[in-house]
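Please read these numbers as outputs of a predicted model, since none were measured by experiment. In listed order, ligands and their atoms are each counted from 1.
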Amino acid sequence: MIKKFIRKILGVKDKKAARDMTEPVVLTAAEHGIDPKLLSSNAIRVTSSLQEAGFKAFVVGGAVRDLLLGVKPKDFDIATNATPEQVKRLFRRAFIIGKRFQIVHVMFGQDLLEVTTFRGAGETNAPKDEHGRVLRDNNFGPQHEDAMRRDFTINAMYYDPATQEVLDYHGGIADIRDKTLRIIGQPEARYREDPVRMLRVVRFAAKLQFTIEPATREPIAVMAPLINNVPAARVFDEMLKLLMSGHALACLQQLRKEGLHHGLLPLLDVVLEQPIGMKFVTLALESTDNRIKAGKGVSPGFLFASLLWHQVVEKWTAYRAAGESPIPALHLAADDVLESQTEKLALQRKIGSDMRDIWSMQPRFERRNGKAPYKLLEHVRFRAGYDFLLLRCESGEIDMDIGEWWTAFYEGDEIERERLLTSAAQGPSGGAKRKRAPRRGPRNRGGSDNAGGGDGGGSGGAGEQ
Ligand code: ATP
Ligand code: MG
């Protein structure tokens with residue numbers, strides 16, 4: 001039955017390949033099997049309001065892909081033939097945003113839906129930069145042209161909640177079933193128009209565990225440097241999506257496999273090519289992935305602070321070796337790293353200041369006497385700094401004892417805290433300064449030595465000021 005169904009789909013698709021893909025394959029609810037309960041009521045509200053006003057309106061893109069995979073979409077994009085102004089007029093809280101690519105944000109309470117007007121096939125005539133990247137695209141057109149303009153076959157399907165039909169212009173349903181990621185149109189041309197699509201291939205392949213079809217994959221290694229011409233803020237947005245996808249580790253591994261990290265994004269060069277920090281970064285990404293899968297929030301500041309920590313440590317060590325005292329040395333190292341990343345990645349100011357807070361808190365965890373630990377507990381970013389400390393312990397960078405001490409202090413009552421302060425002061429090593437003998441190979445040992453910068457100069461340790 002399923003085989004017959006797939007053959008039917010493939011058959012239609014093959015026939016269509018000979019034509020020009022202006023007519024979609026239409027699948028009924030019984031054929032595609034989407035569970036309507038996975039749809040958000042606000043998505044239905046938007047499509048039905050548009051339809052009642054006489055327009056076409058569909059759920060589109062990632063949401064249809066996820067619905068077909070039986071996954072509850074995290075957000076819903078809507079495509080319509082109404083212009084942005086026409087959309088705006090239909091909803092109380094609707095805002096036209098974007099210059100390069102105008103869309104309407106429709107808000108219901110906290111829920112935000114993106115409504116996009118069908119784009120026309122004029123991408124070839126759209127204004128471009130000297131590398132062929134499309135600079136602006138607000139050229140509207142019919143639905144089949146909109147489908148052609150989308151990135152991958154699995155992202156180019158339209159679902160009408162009213163009729164429960166799926167419209168498939170490019171064989172997306174067959175690719176979903178084959179777990180294949182296939183770019184629409186001529187791959188080189190599509191990457192040239194928008195090099196960010198190369199990052200998107202990787203993200204979807206890793207997240208969905210799909211195979212990248214050879215023709216889609218092949219040009220990436222050669223065309224990767226085109227990402228350098230994309231505005232930093234856009235690369236950053238896409239990187240953030242990648243890192244927050246719940247599959248960050250797999251995504252970064254795949255980026256490396258496709259040759260997309262090399263010399264492209266300074267962040268990735270740093271992250272993926274440093275054996276010393278690999279353990280730390282792996283743990284950080286695993287914990288991010290787990291938090292996202294459990295529906296918990298992740299702060300971008302924490303994430304980037306983790307990814308760049310070993311670069312900070314390296315520079316911190318160098319400044320100290322050049323005679324700078326530990327705390328100013330750490331600030332200088334943080335300045336250097338933030339500066340180099342901000343330029344290329346457009347790290348937002350807020351994220352940068354969160355990262356700085358997390359890093360500069362680290363030496364303060366070494367001080368486990370007097371009022372210092374109480375003061376640190378009151379730090380607005382204490383929780384992030386403490387989680388970061390635990391990652392450093394887990395990765396073997398610093399002694400586990402210090403993390404355990406802080407966990408007990410953080411969770412303890414007044415009496416327990418006083419007891420901990422006394423025992424830290426009296427302990428054989430003052431708590432923090434003795435590092436556990438490395439259990440790993442010589443490279444990681446290097447990491448441990450580097451991290452020794454965290455001891456507040458090496459000679460002192462926890463009990464010192
Ligand atoms: P996610 O689950 O991450 O939201 P998504 O496929 O919905 O995945 P979005 O960035 O929300 O990704 O984009 C919505 C849709 O817009 C995509 O499914 C695709 O059809 C289209 N799209 C997005 N970015 C591009 C692009 N760079 N080039 C062509 N089409 C794109
Ligand atoms: Mg989406």
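- Note on ligand 1: D194 sits in its first shell, one or more heavy atoms being nearer than 4.0 Å.
- Regarding atom 6 (O) of ligand 1, its nearest protein heavy-atom neighbour is R65 NH1, 3.0 Å.
- Looking only at protein heavy atoms, the nearest one to atom 10 (O) of ligand 1 is K241 NZ, 2.6 Å.
- Regarding atom 24 (N) of ligand 1, its nearest protein heavy-atom neighbour is R200 CZ, 3.2 Å.
- Within ligand 1, counting atoms from 1 as listed, the ones closer than 4.0 Å to a heavy atom of G61 are 18 (O).
- The residue among E114, M198, R197 with a heavy atom at the shortest distance from atom 26 (C) of ligand 1 is R197.
- Remark: minimum distance from atom 1 (P) of ligand 1 to any protein heavy atom is reached at K74 NZ, 3.5 Å.
- An N or O contact shorter than 3.5 Å is missing between R190 and ligand 1 by distance.
- The contact set between ligand 1 and N155, taken as ligand atoms under 4.0 Å from a residue heavy atom, comprises 6 (O), 18 (O), 19 (C), 20 (O).
- When each of R150, H170, R65 is tested with N155 by the rule side chain to side chain donor-acceptor pair (under 3.5 Å), just one qualifies, namely R65.
- In terms of polar-atom proximity, defined here as any N/O pair under 3.5 Å, D66 makes no such contact with ligand 1.
- Ring geometry for F91 against F108 counts as perpendicular: the plane angle is over 60°, on a 0 to 90° scale with 30° as the lower cut.
- For the pair R203 and E238, the salt-bridge criterion is met [side-chain N within less than 4.0 Å of a carboxylate O].
- Atoms of ligand 1 found under 4.0 Å from any heavy atom of D77, numbered from 1 in the order shown, are 7 (O), 11 (O), 14 (C).
- Each of the atoms 2 (O) of ligand 1 lies under 4.0 Å from some heavy atom of K207.
- Using bins of under 30°, 30° to 60° and over 60° for the plane-to-plane angle, the ring pair F382/W406 lands in the tilted bin.
- Scanning the protein for heavy atoms near atom 30 (N) of ligand 1, the closest one is D151 N, 3.2 Å.
- Between F152 and F210, a ring centre-to-centre spacing not shorter than 6.0 Å is recorded.
- Crowding of E218 atom CD: a count of heavy atoms from other residues, nucleotides or ligands under 6.0 Å not exceeding 12.
- Taking the charged nitrogens against the carboxylate oxygens, K315 and D335 have no contact shorter than 4.0 Å, which rules out a salt bridge.
- The closest approach between a heavy atom of R149 and any atom of ligand 1 is below 4.0 Å.
- The shortest N or O to N or O distance between G62 and ligand 1 is below 3.5 Å.
- Aromatic ring centres of Y159 and H32: separated by under 6.0 Å.
- Under a cut-off of 6.0 angstrom, the local environment of CZ in R291 is crowded, with over 12 non-hydrogen atoms contributed by other residues, nucleotides or ligands.
- One finds a salt bridge joining D387 and R383 here, because a Lys/Arg side-chain nitrogen approaches an Asp/Glu carboxylate oxygen to under 4.0 Å.
- Residue contact check for ligand 1: F204 places a non-hydrogen atom closer than 4.0 Å to it.
- Using a 4.0 Å cut-off between charged side-chain N and carboxylate O, D289 and K293 make no salt bridge.
- In terms of protein heavy-atom proximity, atom 16 (O) of ligand 1 is closest to R150 NH1, 3.3 Å.
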